[in-house]
Amino acid sequence: MRIPDFKLERYFARWEFAAPYTLCSSDIEGWKMRELLALAEPDALARWEELTLGYTEAPGLPALRLEIAALYQGVAPEQVLTFAGAQEAVFILMNVLLGPGDHAVVTWPGYQSLHEVARATGADVTLLPLREEDGWALDVDALRRALKPQTRIVVVNFPHNPTGALPDRKTFQALCALCDERGIYLLSDEVYRLLEHDPKDLLPAAVELSPRAFSLGVMSKAFGLAGLRVGWLACRDEDVLRRCMAYKDYTTICNSAPSEVLALIALRAKERVLARSRALLASNLALLDAFFARHADTFHWVRPRAGSVAFPRLLREQHVARFTDALVQREGVLLLPGDVYDFPGNHFRLGLGRTSLPEALTRLERFVTDTR
């Protein structure tokens with residue numbers, strides 16, 4: 001396999017741990033170990049204290065798969081397969097389903113692996129643009145026009161990275177129905193699900209709506225546990241899950257034993273874990289609403305409907321990459337220029353989920369004012 005460099009990850013490799021303020025992170029502020037362990041109920045705490053650091057069951061800890069399945073309606077633990085993060089799940093599923101002669105349609109801008117791994121299998125890939133002028137909405141008619149007789153999979157990501165877009169229920173149901181009607185698999189990247197800014201906007205998971213859909217989840221985003229590297233696919237197609245399991249024998253084989261137990265603790269305390277994430281997002285969004293109102297002459301802000309990222313646009317003639325480079329050099333505040341998505345325009349990704357956002361925003365505001 002030959003695959004291009006992952007531009008976002010190369011950018012983060014340069015700056016993420018060098019810049020004091022990461023104002024473009026897609027995850028929620030990570031939990032401290034002692035705080036997470038304080039949430040453990042007796043069974044999970046006993047599992048942690050008596051843990052043996054050996055190999056684990058390849059599909060995932062049974063108790064963990066049970067808790068993941070409980071996140072969905074009508075999904076059994078046997079219909080959940082765990083991975084070392086969502087990235088491994090994407091890599092394996094694409095290689096199981098796609099090859100030369102196949103076609104995939106993938107929403108864009110988006111996480112690079114969602115389309116580059118598909119291309120690396122030899123498949124043809126069509127990028128389906130989401131447009132700022134439409135509020136980054138999914139256009140099902142445009143998707144229908146992009147389908148071909150050889151289309152094997154449609155890949156969407158809602159809540160969306162990097163825009164924070166979220167379709168309404170009718171649109172999402174139409175998407176699932178279209179894939180079913182054409183006999184096409186649907187990979188629904190739902191790693192930001194459960195971070196809706198209005199709880200009434202929560203959509204059904206794709207796995208709940210279609211037997212041909214895969215719901216992709218991870219502990220990194222809504223649960224604030226990126227360091228665990230625990231992701232999963234939920235799907236009712238037992239044959240594809242079996243093939244993914246066989247492919248996993250050539251990648252990680254099994255998950256980290258400590259990570260599985262820590263993920264189990266978090267999922268059994270999910271209401272408290274999610275309440276922390278949602279409170280942090282609500283507080284930070286209020287600050288961002290006020291900031292963009294004060295600087296409407298410098299930025300265009302499409303307020304995200306869900307998730308922990310947004311994709312504002314710089315209105316200056318200055319190229320956004322020059323703006324972000326000067327900002328991190330002068331103020332230590334890291335933003336992610338839209339160049340890493342190869343997306344036209346002067347957009348940048350903004351992260352909403354870190355406790356350092358208030359201080360980072362103060363520094364960004366000082367930079368904007370001083371360079372006006």
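Treat the numbers as computed from the prediction; the structure is a model and nothing was measured.
- One finds a salt bridge joining Arg242 and Asp239 here, because a Lys/Arg side-chain nitrogen approaches an Asp/Glu carboxylate oxygen to under 4.0 Å.
- For Asn346 (side chain) and Gln318 (main-chain N/O), a donor-acceptor pair under 3.5 Å exists by modelled atom type.
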Can you list, pair by pair, the side-chain donor-acceptor contacts under 3.5 Å of residues 28-39, counting residues two or more places apart and other chains?
{"unit_1": "Glu29", "atom_1": "OE1", "unit_2": "Thr355", "atom_2": "N", "d": "3.0"}
{"unit_1": "Glu29", "atom_1": "OE1", "unit_2": "Thr355", "atom_2": "OG1", "d": "3.2"}
{"unit_1": "Trp31", "atom_1": "NE1", "unit_2": "Phe223", "atom_2": "O", "d": "3.4"}

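- Of all heavy-atom pairs spanning Val328 and Ala19, the tightest one is CG2-CB, 3.8 Å.
- Counting only distance, with no hydrogens or angles, the side chain of Asn157 and the backbone of Pro159 share a donor-acceptor pair below 3.5 Å.
- Closest approach of Leu280 to Gly353, counting heavy atoms only: CD2-O, 2.9 Å.
- Judged by distance alone, the side chains of Thr371 and Arg330 never bring a donor and an acceptor atom under 3.5 Å apart.
- Within 6.0 Å of atom CZ in Arg303, more than 12 heavy atoms from other residues, nucleotides or ligands are found, so the atom counts as buried in its surroundings.
- Arg363 places a side-chain N or O within donor-acceptor distance of the main-chain N or O of Glu331, the cut-off being under 3.5 Å.
- In this structure His319 satisfies the side-chain hydrogen bond (donor to acceptor under 3.5 Å, both in side chains) test with no other residue, sequence neighbours excluded.
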- Message: As a quick check of understanding, evaluate side-chain contact (heavy atoms from CB on, under 4.5 Å) for Arg349 and Leu8, giving each step before the final call.
- Response: CA-CA 11 Å; Arg349 191 176 81 178; Leu8 181 150; 3.8 Å; yes

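- Ring orientation note: the planes of Phe299 and His295 are nearly perpendicular, at an angle over 60° on the 30°/60° scale.
- Using a cutoff of 4.0 Å between basic side-chain nitrogens and carboxylate oxygens, Asp27 and Arg354 are scored as salt-bridged.
- Side-chain atoms of Asp134 do not come within 3.5 Å of backbone N or O of Ala137 as any donor-acceptor pair.
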- Query: For Thr362 and Arg366, what are the C-alpha separation, side-chain angles and deciding distance, and is it a side-chain contact (heavy atoms from CB on, under 4.5 Å)?
  - Reply: CA-CA 6 Å; Thr362 297; Arg366 181 169 64 201; 5.7 Å; no

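- Between the side chain of Asp189 and the backbone N or O of Val155, no donor-acceptor pair lies under 3.5 Å.
- Among residues two or more places apart in sequence or in another chain, the side chain to side chain contact (heavy atoms under 4.5 Å, CB included) test is passed with Ser259 by Leu228, Val230, Ser256.
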- Query: Going through the distances and angles, do Phe12 and Leu334 end up as a side-chain contact (heavy atoms from CB on, under 4.5 Å)?
  - Reply: CA-CA 9 Å; Phe12 273 139; Leu334 185 65; 4.0 Å; yes

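- Panel note: side chain Glu116, backbone Gln112; no donor-acceptor pair is recorded below 3.5 Å.
- Although no hydrogens or angles enter the test, the distance criterion places no donor-acceptor pair under 3.5 Å between the side chain of Glu67 and the main chain of Leu64.
- For Glu78, the side chain to side chain contact (heavy atoms under 4.5 Å, CB included) criterion is met by Ala76, not counting sequence neighbours.
- Proximity of a side-chain donor or acceptor of Thr151 to a complementary backbone N or O of Leu147 within less than 3.5 Å is not detected.
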- Message: Using the rule given for side chain to side chain donor-acceptor pair (under 3.5 Å), can you reason through Arg193 versus Ser188, listing the C-alpha separation, both sets of side-chain angles and the distance that settles it, and then say yes or no?
- Response: CA-CA 10 Å; Arg193 189 170 182 263; Ser188 181; over 6 Å; no

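- In Glu9, the CD atom is crowded: over 12 heavy atoms of neighbouring residues, nucleotides or ligands sit closer than 6.0 Å.
- Looking at Arg145 and Asp141, no side-chain N of the basic residue comes within less than 4.0 Å of a carboxylate O on the acidic one, giving no salt bridge.
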- Step by step, work out the side chain to side chain donor-acceptor pair (under 3.5 Å) result for His160 and Thr107. CA-CA 9 Å; His160 185 245; Thr107 50; 4.7 Å; no

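- Side chain of Arg182 to main chain of Arg152: no donor-acceptor pair is present (N/O by atom type, distance under 3.5 Å, no hydrogens or angles).
- With rounding to the nearest 0.5 Å, the separation of CG in Asn255 from CG in Leu61 is 9.5 Å.
- Between Trp301 and the choices Phe348, Phe292, Phe311, the ring-ring contact (aromatic ring centres under 6.0 Å, His included) rule is met once, by Phe292.
- Between Arg372 and Asp297 there is a salt bridge, since a side-chain N of the basic residue sits under 4.0 Å from a carboxylate O of the acidic one.
- Qualifying side chain to side chain contact (heavy atoms under 4.5 Å, CB included) partners for Asp201, counting only residues two or more places apart in sequence or in other chains: Leu166, Glu196, Asp198, Arg305.
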What donor-acceptor contacts under 3.5 angstrom involve side-chain atoms of residues 210-221, with partners at least two apart or in another chain?
{"unit_1": "Ser210", "atom_1": "OG", "unit_2": "Asp180", "atom_2": "OD1", "d": "2.5"}
{"unit_1": "Ser210", "atom_1": "OG", "unit_2": "Asp180", "atom_2": "OD2", "d": "3.3"}
{"unit_1": "Ser210", "atom_1": "OG", "unit_2": "Arg212", "atom_2": "N", "d": "3.0"}
{"unit_1": "Arg212", "atom_1": "NE", "unit_2": "Gly183", "atom_2": "O", "d": "3.4"}
{"unit_1": "Arg212", "atom_1": "NH2", "unit_2": "Gly183", "atom_2": "O", "d": "2.9"}
{"unit_1": "Ser215", "atom_1": "OG", "unit_2": "Glu190", "atom_2": "OE1", "d": "3.0"}
{"unit_1": "Ser215", "atom_1": "OG", "unit_2": "Glu190", "atom_2": "OE2", "d": "3.2"}
{"unit_1": "Ser215", "atom_1": "OG", "unit_2": "Ala206", "atom_2": "N", "d": "3.4"}
{"unit_1": "Ser215", "atom_1": "OG", "unit_2": "Val207", "atom_2": "N", "d": "3.0"}
{"unit_1": "Ser220", "atom_1": "OG", "unit_2": "Arg229", "atom_2": "NH1", "d": "3.4"}
{"unit_1": "Lys221", "atom_1": "NZ", "unit_2": "Ser26", "atom_2": "OG", "d": "2.7"}

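- Checked for salt-bridge contact, Asp339 and Lys7 miss the test: no charged N lies under 4.0 Å from a carboxylate O.
- At distances below 3.5 Å, not a single donor-acceptor pair connects side-chain atoms of Gln87 with backbone N or O atoms of Val90.
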